[in-house]
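A quick note: this is a predicted structure, and the numbers were derived from the prediction, not measured.
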Amino acid sequence: MVDVSLIIPIYNAESYIKLLLKDLTDQTFENAEYLLIDDGSTDGTKKLVETWMNDSRDKRFKLISKQNGGVSSARNKGLDLATGTYMIFVDSDDRLRPNFIEMYVTQIQKMGTDMEVFSAIRVSNNETLSKTGKIDYAPIASDRIITPKEYIIYFSDLHAWGYPFCYIVKRSVWGDVKFKERIKYQEDVLAFFMVWVNHPQMQIHVNAESYYYYYIRNDSALRKMTTADDWQFVEVDDLVINELLTEDSLKSTVPYIWALKVSSLMTVIATAVIENKQGDYVKARKMFLEIVPKAKMISFKTKLRRALQWIIVKLNLKYVIRRVYGVIYD
């Protein structure tokens, strides 16, 4: 059995996949398998990967072809085929430091945890690796091992996120959890919450270190989101709440997830204003004003932000929303 399985969905990645293939070949950790799930690519991706594998003769690479079904479908295929003690998800347009796998595996083995969480570096160019920011776990990183309950509260206050590549997880803990294939956005968040609900006493450790370069392309789906897309964030929040209500030890975290839903609704409100979707604006505004008083928030910064948003939304100050969020969305 290999120590770790990397699950890597690929689709029409011909123009950039070589960078990742080189990073995978250069990894210092040997006892791994790279499950490259070709999700029905229509360009030269499959041929390029096959040529790379033949030339490199790196036994860690495994190419699996399937009919196109989306990223969740590809990840689920990887979950079915993974044999490693641990699992890591990698995106095909991102980059890795040579010791990426080694540090992830070394840390989870050292701590004896079920899940290790790492920071990641945001880059604007996946060739030059020009840094633009960070998915930063440093504010909550420590030597302590925590349970899902504490981690979920961090999550609700936007101090933790669902980026799959920031996690290495024991395959036995992931169990039968699958990504919901009909959900286009936040499917990763829902999957992680399902893992936590299934194992409320699992051990989690959070690191500040970064070994992963996260690249958002100009044609990324996140850059094309509409009001209709944003509603799916709200839907996922509701699905998460339903999951939490099935586990007695986690029911107390539901008011914190209401805070997460508040954030999602504010996104809908902003997009609806920018797109002039009055019906969506009215619906999201009503839900926002109803939920804010019930939501639990941790940090003063979050409470202040929500208070300002409450005033703006309550007073129907659409011009302020358009001015503030228009800059963000541009």
Side-chain angles (χ1 to χ4, degrees), residues 70-72 148 151-164 177-197 220-247 250-299 302-303 305-314 316-318 320-322 324-326 328-329:
V71 65
S72 290
Y151 192 76
I152 287 168
I153 293 174
Y154 284 137
F155 204 104
S156 73
D157 210 48
L158 304 182
H159 284 106
W161 304 272
Y163 298 103
V177 170
K178 293 293 179 65
F179 292 88
K180 301 293 185 184
E181 296 181 15
R182 70 172 184 81
I183 295 178
K184 186 177 180 182
Y185 302 105
Q186 298 291 85
E187 76 290 339
D188 39 19
V189 170
L190 178 57
F192 280 115
F193 269 89
M194 291 168 68
V195 172
W196 297 326
V197 167
S220 166
L222 289 173
R223 293 185 179 272
K224 302 176 182 178
M225 292 184 65
T226 64
T227 305
D229 294 326
D230 288 337
W231 275 114
Q232 197 157 92
F233 284 70
V234 179
E235 178 189 358
V236 168
D237 292 335
D238 287 334
L239 290 171
V240 164
I241 289 170
N242 290 338
E243 287 289 331
L244 293 173
L245 289 173
T246 67
E247 171 52 49
L250 295 178
K251 287 180 180 179
S252 62
T253 65
V254 169
Y256 294 97
I257 302 304
W258 284 338
L260 202 60
K261 186 174 178 178
V262 166
S263 178
S264 299
L265 285 167
M266 191 64 218
T267 302
V268 175
I269 289 169
T271 312
V273 168
I274 293 168
E275 294 185 341
N276 293 316
K277 297 290 182 67
Q278 180 62 17
D280 290 296
Y281 172 77
V282 171
K283 179 181 176 182
R285 177 179 180 270
K286 182 175 183 293
M287 294 172 66
F288 179 91
L289 295 175
E290 288 174 351
I291 293 174
V292 170
K294 300 187 293 183
K296 283 191 177 181
M297 303 168 202
I298 308 171
S299 65
T302 301
K303 292 176 181 177
R305 182 168 65 247
R306 295 293 175 245
L308 292 173
Q309 290 172 342
W310 166 271
I311 293 170
I312 293 170
V313 174
K314 180 71 174 177
N316 264 324
L317 302 179
K318 291 185 180 180
V320 175
I321 296 172
R322 185 175 289 108
V324 172
Y325 286 88
I328 295 173
Y329 284 88

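A distance of 12.0 Å separates OG1 of T271 from CG of N276, quoted to the nearest 0.5 Å. Rounding to the nearest 0.5 Å gives a distance of 10.0 Å between CG of D188 and CD1 of I183. A distance of 12.5 Å separates CD1 in I241 from OG1 in T246, rounded to the nearest 0.5 Å. Between D237 atom CG and L265 atom CG the span is 7.5 Å, to the nearest 0.5 Å.
Within the 4.5 Å cutoff, the side chain of I257 has no heavy atoms near those of the K261 side chain. The closest side-chain heavy-atom distance from M194 to K180 is below 4.5 Å. Residues E290 and W258 have side chains not in contact (no heavy-atom distance under 4.5 Å, counting atoms from C-beta outward). Put simply, the side chain of W310 reaches to within 4.5 Å of the side chain of P293, judged on heavy atoms. Residues E187 and K178 are not in side-chain contact: their nearest non-hydrogen atoms beyond the backbone lie 4.5 Å or more apart.
V189 approaches G162 most closely through the heavy-atom pair CG2-CA, 4.0 Å. Taking each heavy atom of V313 and Y281 in turn, the nearest pair found is O-OH, 4.3 Å. Here the closest non-hydrogen pair linking P255 and K294 is CB-O, 4.1 Å. Residues A259 and M297 approach most closely at CB-CG, 3.9 Å, considering heavy atoms.
Put simply, the side chain of Q232 never gets that close to the backbone of Q186: no donor and acceptor are under 3.5 Å apart. No donor-acceptor pair closer than 3.5 Å links the side chain of R306 to the backbone N or O of V262. The backbone N or O of Y256 sits nowhere less than 3.5 Å from a side-chain atom of T253 that would complete a donor-acceptor pair. Remark: the backbone N or O of M266 is not paired with any side-chain donor or acceptor of Q309 at under 3.5 angstrom.
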Tell me, with the steps shown, if Y151 and W196 meet ring pair (Phe, Tyr, Trp, His ring centres under 6.0 Å). CA-CA 9 Å; Y151 192 76; W196 297 326; 5.2 Å; yes
Show, in sequence, the C-alpha distance, side-chain angles and deciding distance for E243 and L239, and conclude whether the side chain to side chain contact (heavy atoms under 4.5 Å, CB included) test is met. CA-CA 6 Å; E243 287 289 331; L239 290 171; 5.7 Å; no
What do the steps show when you test R285 against V273 for side chain to side chain contact (heavy atoms under 4.5 Å, CB included), and what is the final call? CA-CA 11 Å; R285 177 179 180 270; V273 168; over 6 Å; no
Would T227 and V268 count as a side chain to side chain contact (heavy atoms under 4.5 Å, CB included) here? Give the steps. CA-CA 6 Å; T227 305; V268 175; 4.1 Å; yes
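For the residue pair D229 and T226, a side-chain donor N or O sits within less than 3.5 Å of a side-chain acceptor on the partner. In this structure, a donor-acceptor pair under 3.5 Å is absent between the side chains of T267 and S264.
Annotation: F192 is not in aromatic contact with F155 [ring centroid separation under 6.0 Å not met].
Electrostatic pairing of E247 and K251 does not count as a salt bridge here, judged by no charged N lying under 4.0 Å from a carboxylate O. Taking the charged nitrogens against the carboxylate oxygens, E235 and R182 do have a contact shorter than 4.0 Å, which makes a salt bridge.
Classification of the Y185-F233 ring pair by plane angle, with boundaries at 30° and 60°, yields parallel.
If you run side-chain contact (heavy atoms from CB on, under 4.5 Å) between D157 and each of L260, I152, I298, only I298 comes through.
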